[in-house]
Amino acid sequence: MTEFQAINNILSNPSEGKKVRVRGWIHRIRKTGKLIFAVIRNESGIIQAILFRDNLPTEEFELAKSTLIESSVVVEGRLAKDERAPGGYEIRVEHFEVVGAAEKFPITKDQSDEFLLDNRHLWLRSRRMSAILKVRSTIFNEIRNYFQGLNYYEVQSPVFQSGACEGGSTLFEVPYFDSRDKVYLTQSWQLYAEAMMFGLERIYTIGPAFRAEKSRTRRHLTEFWMAEVEAAWLGNAEMMELAEGLVTHLVKSVIEKNPQELEFLERDISILKEIELPFPRYKYAEILDMLNAKGLELEWGADLGYTEEKMLTQELRTPIFITHFPRAKGFYHRVDPEDDKVVLCHDLLAPEGYGEIIGGGEREWRLEILMKRIREFDMEPEQYDWYLDLRRYGSVPHSGYGLGIDRTVAWIVGEEHIKNVIPFPRTMRRYTP
RNA sequence: GCCAGCGUAGCUCAGUUGGUUGAGCACCCGGCUGUUAACCGGGCGGUCAUCGGUUCGAAUCCGAUCGCUGGCGCCA
């Protein structure tokens, strides 16, 4: 018996009259009196199958007449060229078989955002979601390729974490047996990364992060995925090179490996192709001047919210770095030795209005100064007992960053809302299906 | 958390001044040998989100509650 064939292989190397055998799902089906058009969909593409009443057993034709969209089927037949068929070729069916009949499929041509989210378990099979998830798969794979190529080690940090870091109000607390200590889902691997770094020096991880922020925006999820990196001996400037290298690698890889998906998603690739190294670098102070020149009235210390980010990036066609933020940004950032108002850190903003996708910087590596910084933030050094130990036993300068993978996928595929680039999005009000 | 919007058939939406809720799609039946999210004819399908109030009478007016969506704020 003929092997099952991939639809894209059939269509990219067609030959008239060739015997083909395909399995997949009914994407569309149209029935006329004595013939049936069925578009078959599977992972590899779509192809039209045409069933002539006289070309296959009567019971199989009658079965096809009653088969609904999304039924899983096997079709066998001969390939025929026909300009009326999408793709230019169609299968003249000689054998039709239903593997799993579908009930009336709830998702039809009229769809609302809410309905698709309620039926996410079914919407995932759509061509749109499939295209996005293929790009997402490439991105996960290429993050690994990039770091492995630079001799970084992949490590894993715990999802259950004890003790609040900063911003404790956005942690998800979980019941943990009868522990009297608070246990939370991870927000970042930061503290653990610095511990693992001392043995491996160059490490990265890909993992979920959880934030109980009551955000209702197109760029926030309560559960999202981050790629994080930490390296001994490196400073902020070197870490920025590692960041722009990764982002450029991801964009080029997706353009090369997912051209069909980008085309289906109607992504304007010309913009992505313009991305070049190095990315422009601006200090926070320069950014304030740029925004104030556009009519804002921002003073030193002002947060760059989404409005400001969008103003900066919507006209851009390449990502930009913002560095040297005010020292209030985070206690573990190293204060700039040349200007103690700022810290050695960087954010990377994606162009076309997408905004921040990377946050990183150089860490304060000296015990006494780190403890002063912790007190500067009105926190107690005792809370960070084992973390401070890392500064007691051969501390070294080090840097790292975290890449928001979902935001990166959204930007590269040109999807406006982050929830549409993850299979099962979790937001403040949605945790099912 | 704040602001706004929405909730009527499985889906997308109409519903006039308060007077028996309609259409398209989906599905079922019939017709059609080239459909392109086909077309033609017929049919099935309703706790008008929930609770309460006003009224002779409420999908419609009022109040509360619930749910969802968007924006803002928040956001290593």
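Residue numbering restarts at 1 for every chain, and letters A, B, ... go by the order of the sequence lines. Only a predicted model underlies this, so the values are computations on that prediction, with no experimental measurement involved.
Using a 4.0 Å cut-off on heavy atoms, the residues of residues 113-127 of chain A that approach RNA chain B are Asp113(A), Glu114(A), Phe115(A), Leu117(A), listed by number. The stretch residues 425-433 of chain A touches RNA chain B through Arg429(A), Arg430(A), each having a heavy atom within less than 4.0 Å of the strand.
Here Ile358(A) contributes atom CD1 and Leu349(A) contributes atom CG; the two are 10.5 Å apart, rounded to the nearest 0.5 Å. Interatomic distance, Tyr332(A) OH to Cys345(A) SG, rounded to the nearest 0.5 Å: 9.0 Å. Here CG of Asn119(A) is found 9.0 Å from OG of Ser112(A). Values are rounded to the nearest 0.5 Å. Atom OG1 of Thr67(A) is separated from atom CD1 of Ile69(A) by 11.5 Å, given to the nearest 0.5 angstrom. To the nearest 0.5 angstrom, Lys134(A) atom NZ is 5.0 Å from Glu261(A) atom CD.
As rounded to the nearest Å, C13(B) and G7(B) have P atoms that lie 9 Å from one another. Comparing the C1' positions of U60(B) and U54(B) gives an interatomic distance of 13 Å, to the nearest angstrom. Using C1' as the reference atom, C25(B) and A37(B) are 10 Å apart when rounded to the nearest Å. With both ends at atom C1', the span from G22(B) to G15(B) equals 7 Å, rounded to whole Å. Comparing C66(B) with C51(B), their C1' atoms sit 10 Å apart, to the nearest whole Å. Comparing the P positions of U17(B) and U65(B) gives a spacing of 29 Å, expressed to the nearest Å. Distance noted for atom P between U47(B) and C11(B): 12 Å (whole Å). Going from the P atom of C39(B) to that of U35(B) covers 12 Å, rounded to whole Å.
For Lys81(A) and Glu90(A), the salt-bridge test fails: no basic side-chain N is under 4.0 Å from an acidic carboxylate O.
Closest-nucleotide positions on RNA chain B for Ser66(A) and Leu35(A) were compared, and the one nearer the 5' end corresponds to Ser66(A). Along RNA chain B, the nucleotide nearest Ser112(A) and the nucleotide nearest Asp303(A) are compared for position; the residue whose nucleotide lies closer to the 5' end is Ser112(A).
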* Asked: ring pair (Phe, Tyr, Trp, His ring centres under 6.0 Å) between Tyr192(A) and Trp386(A): does it pass, once the steps are laid out?
  -> CA-CA 10 Å; Tyr192(A) 297 88; Trp386(A) 65 260; 5.1 Å; yes
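In this structure, Arg219(A) satisfies the cation-pi test against Tyr306(A), with its NZ or CZ atom closer than 6.0 Å to the six-membered ring centre and inside 45 degrees of the ring normal. Taking the ring centre of Tyr387(A) as origin, the terminal cationic atom of Arg391(A) falls inside the region bounded by 6.0 Å and 45° from the ring axis. A cation-pi arrangement is present between Lys329(A) and Phe325(A), with the terminal nitrogen or guanidinium carbon under 6.0 Å from the aromatic centre and inside a 45° cone about the axis.
The side chain of Tyr332(A) sits closest to A76(B) out of A76(B), G34(B), G71(B). Among the nucleotides A37(B), G34(B), C72(B), the one closest to the side chain of Arg219(A) is C72(B). Here the nucleotide nearest the side chain of Arg28(A), chosen from A37(B), C75(B), C74(B), is A37(B).
Counting any heavy atom pair closer than 4.0 Å across all strands shown, Lys65(A) reaches no nucleic acid atom. Contacts of Gln48(A) with the nucleic acid, taken as non-hydrogen atoms under 4.0 Å apart, include base atoms. Nucleic acid contact for Arg211(A): sugar-phosphate only, since backbone atoms but no base atoms lie under 4.0 Å from a heavy atom of the residue. If you check every strand for non-hydrogen atoms under 4.0 Å, His417(A) touches sugar and phosphate atoms only. Residue Glu90(A) is classed as a base contact, given a heavy-atom separation below 4.0 Å to a base.
Applying the ring pair (Phe, Tyr, Trp, His ring centres under 6.0 Å) test to pairs two or more places apart or on separate chains, those with a residue in residues 193-238 of chain A are Phe140(A)-Trp225(A), Phe147(A)-Tyr204(A).
Here the C1' atom of nucleotide A76(B) and the CD atom of Glu364(A) are 16 Å apart, to the nearest Å. One interatomic measurement links the two molecules: CZ of Arg84(A) to C1' of U36(B), which rounds to 11 Å at whole-angstrom precision. Look at NE2 on His220(A): it is 11 Å from P on G71(B), rounded to the nearest Å. Summarising the geometry, the separation between CZ on Arg216(A) and P on C72(B) is reported as 11 Å, rounded to the nearest angstrom. Note: CZ (Arg41(A)) to C1' (A37(B)) measures 15 Å, nearest angstrom. Atom C1' of nucleotide A76(B) and atom CE of Met239(A) are separated by 15 Å, given to the nearest angstrom. Between Leu304(A) atom CG and C72(B) atom P the separation is 15 Å, expressed in whole Å. Going from atom NZ of Lys214(A) over to atom C1' of G70(B) covers 19 Å, rounded to whole Å.
Nucleotide U20(B) is matched to nothing when pairs are restricted to Watson-Crick or G-U wobble geometry with both distances under 3.5 angstrom. The partner of C32(B), taking Watson-Crick or G-U wobble pairs whose two distances both stay under 3.5 Å, does not exist in any strand shown. Under the Watson-Crick or G-U wobble criterion, with both distances below 3.5 Å, C25(B) is paired with G10(B). With a cut-off of 3.5 Å on both pairing distances, the Watson-Crick or G-U wobble partner of U69(B) is A4(B). Figure legend. C44(B) is base-paired to no nucleotide; pairs are counted as Watson-Crick or G-U wobble with both atom distances under 3.5 Å. Using Watson-Crick or G-U wobble geometry with both donor-acceptor distances under 3.5 Å, A58(B) finds no partner in any strand shown.
Aromatic pair Tyr176(A)/Phe160(A): centroids less than 6.0 angstrom apart. For Tyr284(A) and Trp300(A), the gap between ring centers is short of 6.0 Å.
The backbone N or O of Leu246(A) sits less than 3.5 Å from a side-chain atom of Tyr146(A), completing a donor-acceptor pair. Proximity of a side-chain donor or acceptor of Thr313(A) to a complementary backbone N or O of Leu316(A) within less than 3.5 Å is not detected. Between the side chain of Thr205(A) and the main chain of Val155(A), a donor-acceptor pair closer than 3.5 Å is present. Remark: the backbone N or O of Tyr354(A) is not paired with any side-chain donor or acceptor of Arg407(A) at under 3.5 angstrom.
In this structure, the side-chain hydrogen bond (donor to acceptor under 3.5 Å, both in side chains) partners of His398(A), at least two apart in sequence or on a different chain, are Glu194(A).
Within the structure, every side-chain polar atom (N or O) of Ser188(A) is placed at least 4.0 Å from both OP1 and OP2 of A76(B). Residue Lys419(A) places no side-chain N or O under 4.0 Å from the OP1 or OP2 atom of C68(B).
The base of C74(B) lies close enough to the side chain of Ser215(A) for a donor and an acceptor atom to sit less than 3.5 Å apart.
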* Structure fact -> Per-nt protein contacts along nucleotides 41-47 of chain B (heavy atom under 4.0 Å; B base, S backbone sugar-phosphate only, - none) come out as -------
Identify the pairs formed between an N or O of the protein and an N or O of nucleotides 22-27 of chain B at a distance under 3.5 Å, and give each distance.
unit_1 : atom_1 : unit_2    : atom_2 : d
G24(B) : N2     : Asp110(A) : OD2    : 3.0

